[in-house]
Number of protein chains: 2
Amino acid sequence: MMNTTHKIIPDIVIGRLPVYLRALQHMLQEGRQVTSSQELGERLGISAAQIRKDLSQFGEFGKQGTGYNIEYLANQVREILKVDRVWDVAIVGAGDIGSALAGYSGFSQRGFRIAMMFDNNPAVIGQAQGDFVVRDMATLKDAIQAAGIKVAMIAVPAGFAQEVADKLVEAGIQAILNYAPVNLNVPPEVRVQHIDPSIHLQRMTYYLD
Amino acid sequence: MMNTTHKIIPDIVIGRLPVYLRALQHMLQEGRQVTSSQELGERLGISAAQIRKDLSQFGEFGKQGTGYNIEYLANQVREILKVDRVWDVAIVGAGDIGSALAGYSGFSQRGFRIAMMFDNNPAVIGQAQGDFVVRDMATLKDAIQAAGIKVAMIAVPAGFAQEVADKLVEAGIQAILNYAPVNLNVPPEVRVQHIDPSIHLQRMTYYLD
DNA sequence: AAGCTATTGTGTTTGATTGCACAAATCTGG
DNA sequence: CCAGATTTGTGCAATCAAACACAATAGCTT
């Protein structure tokens, strides 16, 4: 079932697919072979109907009476999300967060590979950080363009995040995962996701006594 | 305007308040005194009407013709979110992520204080980590209960996250920020938020070419 | 002080998302 | 090979969220 912008899929549905995929991969590691919308829903705290509706946007992946073949469904979802390939990722910022990200081994199973890392601090430029050497921010545009990198993570202090975002956009980056606690202004064709622990915590304190 | 479960506020509205608050605090640091729903909306990429509707759920904070006094509004939102106080937070896991969180200075301005840190690895128990010493997981329940801590962050490998969550719930934790890439099963009265960079990245790759 | 501009708070409308419920299909066990 | 139990995919209904649009109000300018 082609998906060349035929049908516009709600972004909220896209947002759930990675969660489904993670659960499916987890089940595979448990040695499971088949599952059902009901089981998946129970694990994730989502209604079975919603999972079926979400998946039905992209095709028919299950078998009535049986459920879904986990490996097959996982592969289909990977393809939908375009993580049936490996995306090279650039990290900007070699502080605590950047280093933790560079050292995180979990990306490779999920479709990503940290390919390069930048900072503007002369004290860290040239230093080894995980498998690679921290590069000078001044070389960012050329390096990213030469490598054809589309995805980046910002892990610099809040005050520098916007200018880094501007540079990334100029270099052709199309998806940014931003760890700095500020909103970023980017052109509409560039996707941004934010990770700010305080935001998540504050969203929960509302419900506390 | 009392808010003792009189009116049920949609969670999606609660989720936007921390974002508003962060922008307001940012404006304050710029020395600004007043703003409008329009300006706030432009900065955040949200419609002005939505911001007004969201805020109107809790009272009337603005002045027609003028807009909102930033400091006053920020204080009101802090009160709504219950971050007009300081919440002590426990971190479980003293690896890269836990350490980065322990060393992050941004929490204090946002209503949180890292109060203690746990790990089960004898090699790190007793070591200094930022301002405090890493404690043995075995002491978790007693320490958390004695300190009356309600909020925790999980920064352990995926395979241990569920058992850590169970221990935290048993210790009386009511809000969990989970950095492990697995779903957690907790009783309905406990709030959980997930941070998994791969999930955020996969949500964006769908839109890439 | 009158007229103009800006901006809020909200009733109403429009649109999006979720949940329901069931026919159709598949499997299982006797 | 049949009866019963499962489970999918989906049309329809219900719920929820966002956008619209405007009266009411405040400030500013002349």
Side-chain angles (χ1 to χ4, degrees), chain A residues 1 3 6-20 23-24 27 32-77 80 188 203 206, chain B residues 1 3 6-20 23-24 27 32-77 80 188 203 206:
Chain A
M1 175 151 281
N3 177 29
H6 273 171
K7 197 197 267 178
I8 292 150
I9 310 290
D11 181 64
I12 196 162
V13 173
I14 302 302
R16 281 189 293 262
L17 293 184
V19 179
Y20 300 165
L24 290 168
M27 286 177 175
R32 308 281 315 287
Q33 306 230 317
V34 294
T35 186
S36 64
S37 60
Q38 181 161 58
E39 186 193 31
L40 207 42
E42 273 164 19
R43 285 218 192 188
L44 299 176
I46 292 176
S47 83
Q50 177 154 84
I51 292 175
R52 293 201 301 278
K53 255 278 165 56
D54 284 351
L55 294 176
S56 75
Q57 302 265 348
F58 302 96
E60 309 195 352
F61 307 116
K63 209 185 274 182
Q64 285 161 329
T66 309
Y68 301 91
N69 176 291
I70 298 175
E71 188 169 13
Y72 174 72
L73 181 57
N75 284 331
Q76 293 295 305
V77 175
I80 293 165
R203 185 176 186 157
Y206 172 79
Chain B
M1 177 150 284
N3 177 30
H6 272 173
K7 195 197 268 181
I8 293 150
I9 311 289
D11 181 64
I12 196 161
V13 173
I14 303 302
R16 282 189 293 261
L17 293 183
V19 179
Y20 299 165
L24 290 168
M27 285 176 176
R32 309 282 314 286
Q33 306 231 319
V34 294
T35 186
S36 63
S37 59
Q38 182 162 58
E39 186 194 31
L40 208 43
E42 274 164 18
R43 287 218 191 188
L44 299 176
I46 291 176
S47 84
Q50 177 153 84
I51 291 174
R52 293 201 300 277
K53 253 279 164 58
D54 284 352
L55 295 175
S56 76
Q57 302 266 349
F58 303 96
E60 309 195 353
F61 307 116
K63 209 185 273 182
Q64 284 159 329
T66 308
Y68 301 91
N69 177 291
I70 297 174
E71 188 170 13
Y72 174 73
L73 181 57
N75 283 332
Q76 293 296 305
V77 175
I80 293 165
R203 186 176 185 157
Y206 172 79

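Chain naming here is simple, since letters A, B, ... match the order of the sequence lines and numbering starts at 1 in each. The analysis underlying the following values was restricted to heavy atoms, covering all of them including side chains, and did not include hydrogens, waters or symmetry mates.
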Collect all protein-nucleotide pairs involving nucleotides 28-30 of chain C in which both atoms are nitrogen or oxygen and the distance is under 3.5 Å.
none

Under 3.5 Å, which N/O atoms of the protein pair with N/O atoms of nucleotides 8-11 of chain C?
from, atom 1, to, atom 2, distance (Å)
C:dT8, OP1, B:Ser37, N, 2.7
C:dT8, OP2, B:Ser37, OG, 2.7
C:dT8, O2, B:Gln64, NE2, 2.8
C:dG9, OP1, B:Phe61, N, 3.1
C:dG9, OP1, B:Gly62, N, 2.9
C:dG9, OP2, B:Tyr68, OH, 2.8
C:dG9, O3', B:Glu60, OE2, 3.4
C:dG9, N7, B:Arg52, NE, 2.7
C:dG9, O6, B:Arg52, NH2, 3.0
C:dT10, OP1, B:Glu60, OE2, 3.3
C:dG11, O6, B:Lys53, NZ, 3.0

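DNA chain D lies under 4.0 Å from at least one heavy atom of each of the following residues of residues 10-20 of chain B: B:Pro10, B:Ile12, B:Arg16.
In this structure, the CD1 atom of A:Ile9 is 14 Å from the C1' atom of C:dA16, given to the nearest Å. Distance, A:Gln50 CD to D:dG9 P: 15 Å, rounded to whole Å. Atom-to-atom, CD of A:Glu39 to P of D:dT6 comes out at 14 Å; the value is rounded to the nearest Å. We find that CG of A:Asp54 is positioned 13 Å from C1' of C:dA16, with the value rounded to whole Å. Taking atom CG of A:Asn69 as the reference point, atom P of C:dC27 lies 12 Å away to the nearest angstrom.
In terms of heavy atoms, A:Arg203 sits closest to B:Ile12 at NH2-CA, 4.3 Å. Contact between A:Pro18 and A:Gly15 at its shortest, heavy atoms only, is CD-O, 3.5 Å. B:Leu55 approaches B:Leu17 most closely through the heavy-atom pair CD2-CD2, 4.4 Å. In terms of heavy-atom proximity, B:Ile46 sits nearest to B:Tyr20 at CD1-CE2, 3.9 Å. Of all the heavy atoms in A:Pro10 and A:Gln57, the pair that sits closest is CD-OE1, 4.3 Å. Here the closest non-hydrogen pair linking A:Leu40 and A:Ala23 is CD1-CB, 3.9 Å.
Dense packing is recorded around CD of A:Gln50, with more than 12 heavy atoms of other residues, nucleotides or ligands lying under 6.0 Å away. Around the CD atom of A:Glu39, the shell of radius 6.0 Å holds more than 12 heavy atoms that belong to other residues, nucleotides or ligands.
For B:Ser47, no side-chain nitrogen or oxygen approaches OP1 or OP2 of D:dA18 to under 4.0 Å.
Proximity of A:Val13 to B:Tyr206: side-chain heavy atoms (C-beta onward) are nowhere separated by under 4.5 Å.
Here CZ of B:Arg52 is found 9.0 Å from OG of B:Ser36. Values are rounded to the nearest 0.5 Å. The OG1 atom of A:Thr66 sits 9.0 Å away from the CD atom of A:Gln64 when rounded to the nearest 0.5 Å.
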